[in-house]
Enquirer: 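For reference, the structure I am asking about is given below.
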Amino acid sequence: MHWPHAFERGDNLFPKNPDGIMRYDYTDYKDTWKAMEKLVEKGLVKAIGLSNFNSRQIDDVLSVATVKPAVLQVECHPYLAQNELIAHCQKRGLVVTAYSPLGSPDRAWKHPDEPVLLEEPGIKKLAEKYSKSPAQIILRWQVQRKVVAIPKSVTPARILQNLQVFDFSLTEEEVSHIGSLNKNYRYIVPMITVNGKLVARDAEHPNYPFKDPY
Ligand code: A2P
């Protein structure tokens, strides 16, 4: 389930009002989960999981689930380390997948004032120490904290480089140091302009996940 909040049902995947505000649906995500469980029972899918749910919403799903979510997929990188959310999921046997693990430098709405993850001095220093790239340091960090990372690249050499993270190890201190670079900084928040102001697109939906601490 991509988000805990839903858009209005129909052929248009991004239904909007003329003012640019999304048209929502208010189906309880627990009902959606029960419907997805039926797909597992029928053998139509092997595994089902969640994305962009916060810890409270995960527990809410677990309270009704007969099929446990296999995975939680969330934005996760050193500037949004998700330390508490990962501990929450691992305690409950959910694997965490990090999307935008490199801070999505190709995102369309990039603003010049935003911090650039791959330029982070603490990461660059470790890259020099291990003769690896900053991307490889970040991916290795996720491997060591048992988080699955899905970096995106259209560059063959980088795709290969992003796999070459199993021939070195960070020390425990380095793993926690990278975790302490956390700024709770989200690169991936869908935004819209309302009355000339840039606002989070879905923040008014009751199930918007990012108002809870984690
Ligand atoms: P490109 O696709 O041009 O190779 P994320 O996975 O966080 O969304 O980040 C994807 C972005 O990071 C893409 O712009 C991709 O560029 C770039 N990228 C992927 N791997 C590396 C790497 N090893 N070093 C630097 N940039 C990378």
Side-chain angles (χ1 to χ4, degrees), residues 1-5 13-14 47 49-54 69-87 89-90 94-171 174-192 198 200-202 208-210 214:
M1 213 185 311
H2 196 161
W3 289 97
H5 51 271
L13 296 181
F14 293 93
L50 302 173
S51 182
N52 297 311
F53 277 57
N54 65 38
V71 71
L72 173 74
Q73 189 174 118
V74 285
E75 179 181 347
C76 180
H77 45 69
Y79 288 163
L80 183 65
Q82 304 274 28
N83 298 320
E84 296 90 348
L85 187 58
I86 291 168
C89 288
Q90 291 182 343
L94 272 68
V95 172
V96 176
T97 299
Y99 72 69
S100 298
L102 306 177
S104 287
D106 59 341
R107 65 197 179 282
W109 52 89
K110 188 153 83 171
H111 191 273
D113 295 344
E114 290 186 290
V116 181
L117 179 62
L118 293 175
E119 295 294 322
E120 163 63 40
I123 305 279
K124 282 169 92 174
K125 223 165 127 183
L126 287 168
E128 262 170 49
K129 173 178 168 184
Y130 289 103
S131 301
K132 289 283 178 183
S133 70
Q136 287 171 312
I137 298 295
I138 290 169
L139 297 173
R140 179 68 204 181
W141 170 68
Q142 297 285 26
V143 167
Q144 285 187 226
R145 65 211 288 252
K146 301 194 167 35
V147 170
V148 177
I150 44 169
K152 169 254 161 186
S153 177
V154 296
T155 314
R158 285 178 172 167
I159 295 172
L160 190 63
Q161 186 198 109
N162 293 345
L163 284 166
Q164 290 166 341
V165 298
F166 299 101
D167 55 357
F168 75 110
S169 288
L170 302 165
T171 66
E174 289 164 346
V175 169
S176 33
H177 171 67
I178 298 174
S180 73
L181 299 172
N182 181 40
K183 303 174 191 281
N184 290 329
Y185 192 85
R186 284 182 196 282
Y187 290 108
I188 311 297
V189 179
M191 304 293 281
I192 53 166
L198 202 60
R201 185 188 66 193
D202 303 323
Y208 182 71
F210 301 148
Y214 67 92

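Start at 1 and go down the list; that is how both ligands and their atoms are numbered. Everything quoted here is computed from the prediction, not taken from an experiment. This chain uses plain numbering: 1 for the first residue, then up along the sequence.
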Enquirer: At what distance, to the nearest 0.5 angstrom, does CD of Gln90 lie from CG of Leu85?
Expert: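 Atom-to-atom, Gln90:CD and Leu85:CG are 10.0 Å apart.
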Enquirer: Enumerate the protein residues lying less than 4.0 Å from ligand 1, judged by heavy-atom distances, in chain and residue-number order.
Expert: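 Shell around ligand 1 (4.0 Å, heavy atoms): Ser100, Pro101, Leu102, Gly103, Ser104, Pro105, Asp106, Leu118, Ala135, Pro151, Lys152, Ser153, Val154, Thr155, Arg158, Gln161, Asn162.
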Enquirer: Of all residues at least two apart in sequence or in a different chain, which pass the salt bridge (charged side-chain N to carboxylate O under 4.0 Å, His left out) check with Lys183?
Expert: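 Listed in chain order: nothing, the list is empty.
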Enquirer: Is there a donor-acceptor contact under 3.5 Å from the side chain of Gln136 to the main chain of Ser133?
Expert: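 Judged by distance alone, yes, a pair lies under 3.5 Å.
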Enquirer: Could you measure the distance from the CD atom of Gln144 to the CD atom of Glu174? Nearest 0.5 Å is fine.
Expert: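 Rounded to the nearest 0.5 Å, the CD-CD separation comes to 8.5 Å.
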Enquirer: Any sub-3.5 Å donor-acceptor pair from Gln82's side-chain atoms to Val74's backbone N or O?
Expert: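 Such a contact is absent between Gln82 side chain and Val74 backbone.
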Enquirer: Would you find a donor on one side and an acceptor on the other, under 3.5 Å apart, between the side chain of Tyr187 and the backbone of Pro115?
Expert: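 Yes, the answer is positive, given that a donor and an acceptor are paired below the 3.5 Å cut-off.
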